[in-house]
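Quick caveat, the model's predicted, so the values are computed rather than measured. In this chain, residues are counted from 1 in sequence order.
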Amino acid sequence: MIISWNTTNKCNMHCEHCYRDSGKGAEGELSTTEGKKLIDEIAKAGFKIMIFSGGEPLLRDDIYELIGYASKIGLRCVIGSNGTLITLEAAQKLKKAGVMRAGISLDSLKAKKHDSFRNYSGAWENTIIGIENLKKAGISFQINTTVMKWNKDEVKDITDFGANLGASAHHVFFLVPTGRGAELQEQILSKNDYENLIKEIMLKQAHANIEIKPTCAPQFVRIAEQNNIKTRFKKGCLAGIKYCIISPTGNVQPCAYLNFSAGNVKQKSFGEIWRESPILKKLRTMEYGEKCGTCKYKNKCGGCRARAAFYNNGDIMASDTWCIYNEYEENKING
């Protein structure tokens with residue numbers, strides 16, 4: 001099981017798609033003591049992988065202490081960063097603290113486009129420097145790319161670029177319109193482009209020497225099976241089932257893009273929230289509506305719950321309207 005803690009809302013960037021609307025720190029962010037208590041509860045609840053993200057986690061003064069604490073009690077620690085603040089000293093401190101992998105954001109091979117999207121001059125150059133520092137410190141890294149209309153034709157080239165840099169993986173995030181991303185709906189891929197790009201990514205995976213994973217696109221499990229492509233991933237959407245996220249102020253959410261609080265760790269233990277929250281228990285029923293509920297890939301895919309909620313008035317169990325599979329099957333039946 002995987003959990004992500006948005007350790008702070010502080011960020012040195014103002015990215016157009018940020019689901020957290022990061023920038024300034026949020027009032028009431030978890031303290032060091034509260035953070036360590038949370039980490040203890042996460043381990044007790046059976047989670048194995050813990051992602052420290054933000055905002056920009058390196059803007060949190062105690063980040064190395066928190067990562068070190070999590071590492072010592074047996075969690076596999078990952079950091080999610082924009083990469084621009086990873087000096088060699090920072091990379092070495094992350095290594096010493098126990099970071100096993102870093103997820104670094106890179107949205108274009110064209111520096112001006114990446115910088116513009118991130119609203120940060122020099123972002124691309126400093127991100128590459130950060131990656132080189134991770135390599136010097138001996139930390140495995142992956143590239144994280146948010147895909148939209150403007151950069152969809154670059155995705156496979158970014159995979160190759162990452163592989164040449166020595167990346168272990170390329171995770172491709174399909175935009176979900178939440179936070180500041182709600183203002184980018186015109187940049188969301190059409191249903192056909194969404195399906196076709198997932199297929200292109202999975203076909204590339206069949207021959208690539210690094211892992212490629214579509215994220216917030218659970219249909220990739222179905223597409224991989226349809227095309228006899230092996231992948232270690234067996235379930236598409238994990239929200240509330242084997243994954244959740246903690247906000248900077250302690251709210252537990254099923255995923256980053258489902259802005260529904262299952263409870264706050266300042267008021268209840270994380271373990272109790274994870275076990276007993278009605279919203280999480282509801283997601284685990286997998287009793288989806290309409291086409292997702294009758295789809296033969298229901299248990300393997302599950303549809304994107306965040307996308308389903310956004311386009312269905314907040315109904316987290318609604319059908320994922322961005323999936324064309326059942327429409328295609330109906331058309332075949334109806335001739």
Side-chain angles (χ1 to χ4, degrees), residues 4-6 8-27 29 51 53-56 80 82 103 105-108 113-120 123 144-152 155 171-195 197-198 214-219 236-240 243-249 251-262 279 283 288-289 292 302-324:
S4 179
W5 176 22
N6 292 160
T8 181
N9 208 58
K10 293 179 184 177
C11 192
N12 58 325
M13 294 186 174
H14 191 82
C15 304
E16 292 183 4
H17 66 305
C18 183
Y19 63 85
R20 276 280 168 236
D21 194 16
S22 295
K24 296 181 180 179
E27 185 176 350
E29 292 185 356
I51 304 169
S53 64
E56 173 49 55
N82 60 46
S105 302
L106 192 70
D107 302 299
S108 177
K113 287 188 175 182
H114 178 80
D115 292 4
S116 175
F117 182 58
R118 296 275 164 180
N119 282 301
Y120 188 90
N144 294 337
T145 300
T146 298
V147 61
M148 291 156 287
K149 288 179 180 177
W150 67 266
N151 66 347
K152 69 181 178 66
V155 170
H171 287 200
V172 183
F173 289 72
F174 285 73
L175 181 66
V176 179
T178 56
R180 290 201 288 263
E183 304 300 319
L184 297 177
Q185 291 188 59
E186 76 285 353
Q187 279 295 327
I188 295 174
L189 302 188
S190 69
K191 294 180 183 181
N192 285 329
D193 283 347
Y194 174 79
E195 176 87 5
L197 183 56
I198 297 171
T215 301
C216 303
Q219 291 80 10
C237 184
L238 301 177
Y243 174 80
C244 71
I245 191 166
I246 315 292
S247 80
T249 56
N251 285 321
V252 180
Q253 298 174 216
C255 83
Y257 308 101
L258 273 174
N259 194 20
F260 296 87
S261 177
I279 190 171
L283 285 164
Y288 308 126
C292 277
C304 176
R305 295 299 93 214
R307 200 171 278 111
F310 183 85
Y311 291 106
N312 292 280
N313 299 312
D315 184 356
I316 62 172
M317 304 304 286
S319 187
D320 181 353
T321 55
W322 232 249
C323 179
I324 66 171

Closest heavy-atom pair and its distance - Pro218, Cys237: CB-N, 3.3 Å

Under 3.5 Å donor-acceptor, Ser108 side chain and Lys113 backbone: no

Minimal non-hydrogen separation, Cys323 against Gln219, with atom names: CB-NE2, 3.4 Å

Under 3.5 Å: donor-acceptor pair, side chain of Glu56, backbone of Asn82: yes

Value rounded to 0.5 Å, distance of OG1 in Thr146 from CZ in Phe173: 7.0 Å

Heavy-atom pair of closest approach, residues Asp320 and Cys304: OD2-N, 2.9 Å

Residues that Gln187 engages under side chain to side chain donor-acceptor pair (under 3.5 Å), provided they are two or more places apart: none

Ring-ring centroid check Trp322 Phe174, cutoff 6.0 Å: no

NZ/NE/NH1/NH2 to OD/OE distance under 4.0 Å, Arg118 and Asp107: yes

Donor + acceptor pair across side chains of Thr8, Glu29 (<3.5 Å): yes

For Thr178, side chain to side chain donor-acceptor pair (under 3.5 Å) partners two or more places apart: none

Any donor-acceptor N/O pair, Asn251 side chain to Ser261 backbone, under 3.5 Å: no

Any Phe310 side-chain heavy atom under 4.5 Å of Gln185 side chain: yes

Residues which pass side chain to side chain contact (heavy atoms under 4.5 Å, CB included) with Cys216, listed by chain and number, not counting sequence neighbours: Val176, Tyr257, Arg307

Shortest non-hydrogen contact between Val252 and Cys244, atoms and distance: CG1-SG, 4.1 Å

By side chain to side chain contact (heavy atoms under 4.5 Å, CB included) - contacts of Ser22 (at least two apart): Asn9, Cys11, Cys18, Arg20

Lys24, NZ atom: more than 12 neighbouring heavy atoms under 6.0 Å: no

Set of side chain to side chain donor-acceptor pair (under 3.5 Å) partners for Tyr19, sequence neighbours left out: Asn6

Distance-minimising heavy-atom pair for Gln253 and Ser247: OE1-CB, 4.1 Å

Exam field: side chain Asn151 to backbone Val147, donor-acceptor pair closer than 3.5 Å: no

For His17, all residues meeting ring-ring contact (aromatic ring centres under 6.0 Å, His included), sequence neighbours excluded: Phe117

Check: Pro177 and Ile188 side chains under 4.5 Å, non-hydrogen atoms: yes

Minimal non-hydrogen separation, Cys292 against Ser319, with atom names: N-OG, 3.3 Å

Pairwise side-chain contact, Trp5 with Ile51, heavy-atom cut-off 4.5 Å (strictly under): no

Any Leu106 side-chain heavy atom under 4.5 Å of Asn144 side chain: no

